[in-house]
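Working notes, beginning with the structure itself.
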Amino acid sequence: MSTSALVAEKVWNDIESTHSVSDEQLSILHFLFGKNLERAMTIVDQRGVKRMLGHPSGRSIFQVVGESKRKEEYLCFPQHYCACYSFFYDIVNRGEQHCCKHQLAARLASSLGTCIDVKMSDHDLALMLSHL
């Protein structure tokens with residue numbers, strides 16, 4: 001794991017433990033993620049992050065609203081994957097970013113405890129995942 005990833009993980013863990021974010025933590029995250037963090041914060045402020053919770057397993061995936069006028073929703077795992085175009089282009093193909101704004105929004109909302117929880121059956125969650 002890179003040094004920047006380790007620093008980010010420490011900050012995320014600290015935010016999660018207090019469910020609040022300090023100016024210093026925001027400054028560190030902004031240094032690491034730049035404009036993607038700003039965009040993610042807008043998504044979180046607009047309550048655009050849902051955590052889809054499967055019952056009874058407790059498995060989950062995040063559904064995050066995009067910024068376009070169409071308000072598309074992208075499924076993502078904050079630390080590993082997002083279904084958006086930017087994830088494949090900027091992260092997988094070009095390696096220019098650590099993660100996309102949707103992953104950051106999901107991680108931030110989860111850490112702050114501000115995501116909207118949507119409960120569903122494990123079967124329905126599996127169907128949702130099958131469309132990825």
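- Between the side chain of N36 and the backbone N or O of C99 there is at least one donor-acceptor pair closer than 3.5 Å.
- By the side-chain contact (heavy atoms from CB on, under 4.5 Å) test, Y89 pairs with Y85, R94, sequence neighbours left out.
- Here the CD1-NZ distance, from I61 to K50, works out to 13.5 Å after rounding to the nearest 0.5 Å.
- Residues passing the side-chain contact (heavy atoms from CB on, under 4.5 Å) test with H123, sequence neighbours excluded: S121, L127.
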* To do: Could you go through the salt bridge (charged side-chain N to carboxylate O under 4.0 Å, His left out) check for K101 and E38 one step at a time?
  => CA-CA 8 Å; K101 65 187 171 202; E38 295 169 25; over 6 Å; no
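- A 6.0 Å sphere centred on NE2 of H80 holds no more than 12 heavy atoms belonging to other residues, nucleotides or ligands.
- Residues H98 and Q103 form no side-chain contact, since every pair of their non-hydrogen atoms from C-beta on lies 4.5 Å or further apart.
- With rounding to the nearest 0.5 angstrom, the CG atom of N13 is 8.0 Å from the OG atom of S111.
- The structure places SG of C84 at 13.5 Å from CD of E73, a figure rounded to the nearest 0.5 Å.
- Listed by first and then second residue, the salt bridge (Lys or Arg N to Asp or Glu O under 4.0 Å) pairs involving residues 107-132 are E9-R107, R51-D117 (not counting sequence neighbours).
- Distance OH/Y74 to CG/L132: 13.5 Å, rounded to 0.5 Å.
- Ring orientation note: the planes of F87 and Y81 are nearly perpendicular, at an angle over 60° on the 30°/60° scale.
- Residue pairs meeting the ring-ring contact (aromatic ring centres under 6.0 Å, His included) criterion with at least one partner in residues 35-56, sequence neighbours excluded, are absent.
- Across all non-hydrogen atoms, the minimal contact from A40 to A105 is CB-N, 3.5 Å.
- Every pair tested for salt bridge (Lys or Arg N to Asp or Glu O under 4.0 Å) that includes a residue from residues 18-36 fails, sequence neighbours excluded, so the list is empty.
- In this structure, the separation between CG on L125 and CE on M52 is 8.0 Å, given to the nearest 0.5 Å.
- As a member of the Ile/Leu/Val/Met/Phe/Trp/Tyr network built from side-chain separations under 4.5 Å, I15 groups with V7, V11, W12, V21, L26, I28, L29, F31, L32, F33, L37, M41, I43, V44, V49, F62, V64, L104, L108, L112.
- Summarising the geometry, atom NE2 belonging to H102 is positioned 11.5 Å from atom CD belonging to Q63; distances are rounded to the nearest 0.5 Å.
- The shortest distance between side-chain heavy atoms of L53 and M120 does not fall below 4.5 Å.
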